[in-house]
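Beneath this line is the structure, given in structure tokens, with notes to follow.
Predicted model, so just to flag it, every value in this text is computed and none were measured.
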Amino acid sequence: MAKGSELRKLTTRSIRERKQTHEKIAALTAYDYVSAKLLDASGIDIILVGDSLSNVFQGNTTTLPVTIDEMIYHTKAVQKGVQRALLVTDMPFLSYQITVEDAVRNCGRVMKETGADAVKLEGGSAIIDVVRRVTEIGIPVMGHLGLTPQSINVFGTYKVRGTQADEQKQIIDDAQRLEEAGVFSIVLEKIPAALAKQVTEHVSVPTIGIGAGPDCDGQILVINDMLGLTEEFHPRFIRRYADLGKLIRERVKQYVDDVRSAKFPDKNESY
Ligand code: KIV
């Protein structure tokens, strides 16, 4: 890497080039300005304003309720904290599935109003025309295959996808069709590592895995999960890099005790 290049803004092109250079892509989600600024300063390559916002920020049980206005609100806040990372926003459920025209309008609105660098769309064959048209008019698209949470009501379970031969074939076909339609990368969520490896070998754009094993071109996690803020959620693919839930509870309890026992504020903390 050239000196100072770590400060250069990443683009969809530089992310695509990682496929050739074999430099793994590190991605995380963010939903607010402060977290985005911290992630960006830590050298993260991609920040995704995921529609997991619905679960981890709004407290919903699925990603379905989050609206386009809410995605825009959070992406605008995140964007202010990002200097280097590529900023991608999830298009929420029903904002791109109705018609191509509708999808173009909504993706365009997100790009115009937020300063995001790209959008992410879930699905394969069902959204190929949308992906083609949206990229044609200049909006980069990240694909998302495997366990696509917007389809949870069809799947009926958050279990691993792609364990059967027909679905494995479908996922590989979808990845190739998404590539042909113009995506610059593809998220692979909760599929067997061997299948993710096969997909990664079958496409020339980077794959970014979450619960998809070590052979993807990059990895993504939900920030609240990897920092231990979603304490009740324990899928095996999450590595806990911190236990912030415990830390926050302990420190807030300490504060409550200090206030109640009149230990806070002291003389030095007063005017
Ligand atoms: O919404 C989200 O956070 C995502 C990631 C899990 C990839 O789509």
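Side-chain contact of Gln170 with Asp166: a donor-acceptor pair under 3.5 Å is absent, judged by distance alone. Between the side chains of His202 and Gln176, not a single donor N or O lies within less than 3.5 Å of an accepting N or O. At a cut-off of 3.5 Å, with distance as the only test, a side-chain donor of Thr75 or Thr89 sits close to an acceptor on the other residue. There is no side-chain donor-acceptor pair under 3.5 Å between Ser151 and Glu122. In this model, a donor atom of one side chain and an acceptor atom of the other lie less than 3.5 Å apart for Gln97 and Gln150. Side-chain atoms of Asn60 and Ser54 form a donor-acceptor pair, as typed in the model, at a separation below 3.5 Å. When only modelled atom types and interatomic distance are considered, Ser35 and Asp32 share a side-chain donor-acceptor pair under 3.5 Å.
Val187 and Ile139 end up in different hydrophobic clusters when Ile, Leu, Val, Met, Phe, Trp and Tyr side chains are linked at under 4.5 Å. Val82 and Val34 fall into different hydrophobic clusters, where Ile, Leu, Val, Met, Phe, Trp and Tyr residues are linked whenever their side-chain heavy atoms come under 4.5 Å apart, directly or through other members. In this structure, Met226 is a member of the same hydrophobic cluster as Ile44, with clusters built from ILVMFWY side-chain heavy atoms closer than 4.5 Å. Phe233 and Tyr241 fall within a single hydrophobic cluster, where Ile, Leu, Val, Met, Phe, Trp and Tyr are joined by side-chain heavy atoms under 4.5 Å apart, directly or via other members. Cluster annotation: Leu87 is not connected to Ile186 through the hydrophobic network of ILVMFWY side chains, with a link wherever side-chain heavy atoms come within less than 4.5 Å.
The shortest side-chain heavy-atom distance between Leu229 and Val56 does not fall under the 4.5 Å cut-off. A 4.5 Å side-chain heavy-atom check between Val134 and Val104 finds at least one atom pair inside the cut-off. The side-chain heavy atoms of Ile15 and Met142, taken from C-beta on, include no pair separated by under 4.5 Å. No side-chain heavy atom of Lys76 sits under 4.5 Å from any side-chain heavy atom of Gln79. The closest side-chain heavy-atom distance from Leu145 to Leu178 is below 4.5 Å.
Side-chain atoms of Lys19 never come within 3.5 Å of backbone atoms of Pro206 as a donor-acceptor pair (strictly under, hydrogens ignored). Not a single donor-acceptor pair under 3.5 Å links the side chain of Ser185 to the backbone N or O of Val205. Checked by atom type and distance alone, the side chain of Lys120 never pairs as donor or acceptor with a backbone atom of Val141 at under 3.5 Å. One N or O on the side chain of Asn55 and one on the backbone of Thr61 form a donor-acceptor pair closer than 3.5 Å. In terms of modelled atom types and a separation under 3.5 Å, the side chain of Gln168 and the main chain of Gly162 share a donor-acceptor contact. Side-chain N or O atoms of Thr63 include none that pairs as donor or acceptor with a backbone N or O of Ser52 at under 3.5 Å. With hydrogens and angles ignored, the 3.5 Å screen pairs a side-chain donor or acceptor of Glu70 with a backbone N or O of Thr67. Side-chain N or O atoms of Arg240 include one that pairs as donor or acceptor with a backbone N or O of Asp225 at under 3.5 Å. A donor-acceptor pair is defined here as one N or O able to donate and one able to accept, closer than 3.5 Å; such a pair exists between the side chain of Glu179 and the backbone of Ser204. Lys246 contributes no side-chain N or O that, together with a main-chain N or O of Gly228, makes up a donor-acceptor pair within less than 3.5 Å.
Salt-bridge check for Asp69 with Arg109: passed, with a basic side-chain N closer than 4.0 Å to an acidic carboxylate O. Asp257 has no carboxylate O lying under 4.0 Å from a charged side-chain N of Arg260, or vice versa, which leaves the two without a salt bridge. A salt bridge does not link Arg177 to Glu180: none of the charged nitrogens lies less than 4.0 Å from a carboxylate oxygen. Salt bridge Glu136/Arg132: absent, no basic N to carboxylate O contact under 4.0 Å. The pair Asp40-Lys37 fails the salt-bridge criterion, with no side-chain N (NZ, NE, NH1 or NH2) lying under 4.0 Å from an Asp/Glu carboxylate O.
From Asp117, atom CG reaches atom CE of Met111 across 6.5 Å, with rounding to the nearest 0.5 Å. Separating the CG atom in Asp215 from the CD atom in Glu201 is a distance of 7.5 Å, to the nearest 0.5 Å. Taken to the nearest 0.5 Å, the NZ atom of Lys190 stands 10.0 Å off from the OH atom of Tyr158. Atom CD1 of Ile220 sits about 11.5 Å away from atom CG of Leu188, to the nearest 0.5 Å.
Heavy atoms only, all atoms of each residue included: Pro140 and Phe184 are closest at CB-CD2, 3.9 Å.
No more than 12 heavy atoms of other residues, nucleotides or ligands lie within 6.0 Å of CD in Gln164, so this atom counts as exposed by the packing criterion.
Phe57 and Tyr31 have tilted rings, their planes meeting at an angle from 30° to 60° on a 0 to 90° scale.
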